[in-house]
Q: 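I'd like to ask you about the structure that follows.
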Number of protein chains: 2
Amino acid sequence: MARYSYREEPISEDLKEEICPLTVTQNVIAGRWKIIILWHLSQNEIIRFNELLRMLPGISKGILTRQLRELEEDKLVHREVYKVVPPKVEYSLTDQGKKFMPILEAMQVLGKDLLNSKLS
Amino acid sequence: MARYSYREEPISEDLKEEICPLTVTQNVIAGRWKIIILWHLSQNEIIRFNELLRMLPGISKGILTRQLRELEEDKLVHREVYKVVPPKVEYSLTDQGKKFMPILEAMQVLGKDLLNSKLS
DNA sequence: CCGGATCCTGCATGATACTG
DNA sequence: CAGTATCATGCAGGATCCGG
């Protein structure tokens with residue numbers, strides 16, 4: 001377990017033994033907004049692009065698109081496009097993505113704890 | 001729950017209500033090496049600086065110092081300095097830091113899962 | 001042995017304008 | 001509505017030299 005980065009390389013059987021699983025997870029959720037995106041999707045089942053945009057004050061369209069695309073590449077998020085006018089695109093968690101929910105909840109609980117200890 | 005950043009500001013009671021706890025946790029563990037540092041500390045109880053350096057191939061001294069300092073500021077890591085020659089500094093998890101262990105384990109399990117799905 | 005202090009750099013993020 | 005395309009930027013991360 002010595003490798004703490006890999007993004008660009010294809011994953012072989014050998015590499016799989018060598019790569020730190022913790023790092024794999026970290027790389028997947030590393031983006032500035034990814035965790036919060038996953039959280040909103042875990043709370044709402046299905047969300048449209050502009051809805052998500054409104055839920056994330058401060059993010060720009062371009063970034064939201066990129067983070068969603070990366071989550072899609074990593075199989076955490078499903079993207080359903082409806083060929084209508086005006087366009088309609090719905091995002092939802094895949095089964096893979098739902099596996100992150102325990103982590104999100106643990107992080108949520110911990111965050112409240114940290115906030116309290118910053119006050120005292 | 002509308003604020004997704006805060007680092008620089010002091011935390012007031014009002015802000016506490018407004019800040020997303022998920023983001024708080026994310027900010028604390030956001031560094032490139034922090035999660036792996038926490039994981040090593042959770043496996044070894046006490047680790048010296050250069051030991052940690054050897055455990056993290058690719059990191060530089062300066063960065064390791066900075067990440068450890070930030071973890072210390074956030075009260076996740078304790079730094080014990082022994083005034084001897086040659087110097088000796090030991091790092092360990094605080095009680096606060098140990099609260100992250102469930103998250104680390106969950107991330108570890110998930111990482112293995114993700115690796116497998118990348119092969120098939 | 002364990003750092004501190006600088007300087008530099010790349011990439012993720014952000015801002016803005018345009019499109020089917 | 002849901003994006004693309006392009007350019008601008010800030011800051012985490014890294015390299016290097018110095019010090020007790």
Side-chain angles (χ1 to χ4, degrees), chain A residues 3-9 23 26-38 40-41 44 46-74 77-92, chain B residues 3-9 20 23 26-38 40-41 44 46-74 76-92:
Chain A
R3 301 286 301 276
Y4 296 123
S5 68
Y6 69 97
R7 266 270 174 199
E8 321 73 19
E9 322 159 36
T23 304
Q26 193 192 13
N27 283 343
V28 168
I29 59 175
R32 167 93 172 69
W33 302 93
K34 286 185 184 174
I35 289 178
I36 312 180
I37 290 172
L38 291 176
H40 280 295
L41 286 173
N44 290 280
I46 290 179
I47 314 183
R48 298 183 62 174
F49 183 85
N50 274 357
E51 284 174 359
L52 211 38
L53 199 60
R54 269 176 259 118
M55 290 174 176
L56 303 171
I59 199 176
S60 69
K61 283 179 162 196
I63 294 299
L64 179 54
T65 301
R66 271 243 301 277
Q67 308 251 321
L68 284 170
R69 287 290 186 286
E70 288 175 18
L71 289 171
E72 203 188 345
E73 279 171 36
D74 290 326
V77 162
H78 173 69
R79 177 166 174 261
E80 187 73 35
V81 183
Y82 298 88
K83 298 266 177 188
V84 294
V85 224
K88 176 178 172 186
V89 180
E90 289 178 347
Y91 292 92
S92 57
Chain B
R3 301 287 302 277
Y4 296 122
S5 69
Y6 69 97
R7 268 268 174 201
E8 322 72 19
E9 320 160 38
C20 169
T23 304
Q26 194 192 13
N27 284 342
V28 168
I29 59 175
R32 167 93 170 67
W33 302 93
K34 286 184 185 172
I35 288 178
I36 312 182
I37 290 172
L38 291 175
H40 281 297
L41 285 172
N44 290 279
I46 291 179
I47 315 184
R48 300 184 61 177
F49 183 84
N50 275 355
E51 284 174 358
L52 210 40
L53 199 59
R54 269 177 259 118
M55 291 174 176
L56 304 171
I59 199 177
S60 71
K61 283 179 162 193
I63 293 300
L64 179 54
T65 301
R66 270 241 304 273
Q67 306 252 320
L68 283 169
R69 284 291 183 285
E70 288 175 19
L71 288 171
E72 203 188 344
E73 278 171 35
D74 290 326
L76 305 192
V77 162
H78 174 68
R79 177 166 174 261
E80 186 72 34
V81 184
Y82 298 88
K83 297 266 179 187
V84 294
V85 222
K88 175 177 169 184
V89 181
E90 289 178 346
Y91 293 92
S92 58

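Order of the sequence lines sets the chain letters (A, B, ...), proteins ahead of strands, with each chain counted from 1.
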Q: How far does CG of B:L64 sit from CD1 of B:I37, to the nearest 0.5 angstrom?
A: 5.5 Å
Q: How many Å lie between CZ on A:R66 and C1' on D:dT4, as a whole number?
A: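 From A:R66 CZ to D:dT4 C1': 12 Å.
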Q: Go through the N and O atoms of the side chain of A:K88 and the base of D:dA2, and report whether any donor-acceptor pair is under 3.5 Å.
A: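 Side chain to base: no pair present.
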Q: Five pairs per end, C1' atoms only: what is the angle between the end axes of the helix from C:dC1-D:dG20 to C:dG20-D:dC1, to 10 degrees?
A: 50°
Q: Quick one: A:K83 NZ to D:dC1 P, roughly how many Å, whole number?
A: 18 Å
Q: Are B:L38 and B:V77 close enough that some pair of their side-chain heavy atoms sits under 4.5 Å apart?
A: yes
Q: Where the side chain of B:W33 is concerned, which of D:dG3, D:dG14, D:dA2 is the nearest nucleotide?
A: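 The listed nucleotide nearest to B:W33's side chain is D:dG14.
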Q: CZ of A:R54 to NE2 of A:H40: how many Å apart, nearest 0.5 Å?
A: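 Going from the CZ atom of A:R54 to the NE2 atom of A:H40 covers 12.5 Å.
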Q: In terms of the angle between their ring planes, are A:F49 and A:Y91 parallel, tilted or perpendicular, with boundaries placed at 30° and 60°?
A: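 Judged by the thresholds at 30° and 60°, the geometry between A:F49 and A:Y91 is tilted.
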Q: Of all the nucleotides listed (D:dG13, D:dG3, D:dA15), which has the minimum atom distance to the side chain of B:S60?
A: D:dA15
Q: For A:R69 and A:R66, what are the C-alpha separation, side-chain angles and deciding distance, and is it a side chain to side chain contact (heavy atoms under 4.5 Å, CB included)?
A: CA-CA 5 Å; A:R69 287 290 186 286; A:R66 271 243 301 277; 5.6 Å; no
Q: Reckon B:P87 touches a base, only the sugar-phosphate, or nothing at all at heavy-atom distances under 4.0 Å?
A: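 B:P87: base contact, heavy atoms under 4.0 Å.
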Q: Once rounded to the nearest 0.5 Å, what's the spacing between atom NZ of B:K34 and atom CG of B:L76?
A: 8.5 Å
Q: Could you tell me if the side chain of B:L68 sits less than 4.5 Å from the side chain of B:R79, heavy atoms only?
A: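 In short, these two side chains do not touch, never coming nearer than 4.5 Å.
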Q: Could you tell me whether the side chain of B:R32 reaches within less than 4.5 Å of the side chain of B:I63, counting heavy atoms only?
A: no
Q: What is the separation between atom CD on A:E70 and atom C1' on D:dG3, rounded to the nearest whole Å?
A: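 Nearest whole value for this atom pair: 16 Å.
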Q: Under 4.0 Å, counting only non-hydrogen atoms across every strand here, what does A:E51 touch: a base, just sugar-phosphate, or nothing?
A: nothing
Q: Taking 5' to 3' order, which nucleotide of DNA chain C is first and which is last to have an atom within less than 4.0 Å of a heavy atom in chain A?
A: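 In short, chain A contacts DNA chain C from C:dT13 to C:dG20.
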Q: Which part of the nucleic acid, if any, lies within reach of A:Y82 when heavy atoms closer than 4.0 Å are counted: base, sugar-phosphate only, or nothing?
A: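 The answer is nothing, as A:Y82 stays clear of every strand by at least 4.0 Å.
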Q: Can you list, pair by pair, the side-chain donor-acceptor contacts under 3.5 Å of residues 83-90 of chain B, counting residues two or more places apart and other chains?
A:
residue: B:E90; atom: OE1; partner: B:Y82; partner atom: OH; Å: 3.0

Q: Mapping A:I59 and B:R48 onto DNA chain C by nearest heavy atom, which one lands closer to the 5' end?
A: B:R48
Q: I need the CZ-C1' distance between A:R79 and D:dA2, as an integer number of Å.
A: 9 Å
Q: Can you measure B:R32 atom CZ to D:dC11 atom C1' for me and round it to whole angstrom units?
A: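 Checked: the CZ to C1' distance equals 16 Å.
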Q: Just the rounded figure in Å: distance from P of D:dC11 to CD of B:Q67.
A: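 It works out to 16 Å between those atoms.
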Q: Taking CZ from B:R69 and P from D:dA12, how many angstroms apart are they, rounded to a whole number?
A: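 Nearest whole value for this atom pair: 17 Å.
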Q: Does any non-hydrogen side-chain atom of A:I59 lie less than 4.5 Å from one of A:L52?
A: no
Q: Measure the distance from CG on A:L64 to P on D:dG3 and round it to the nearest whole Å.
A: 8 Å
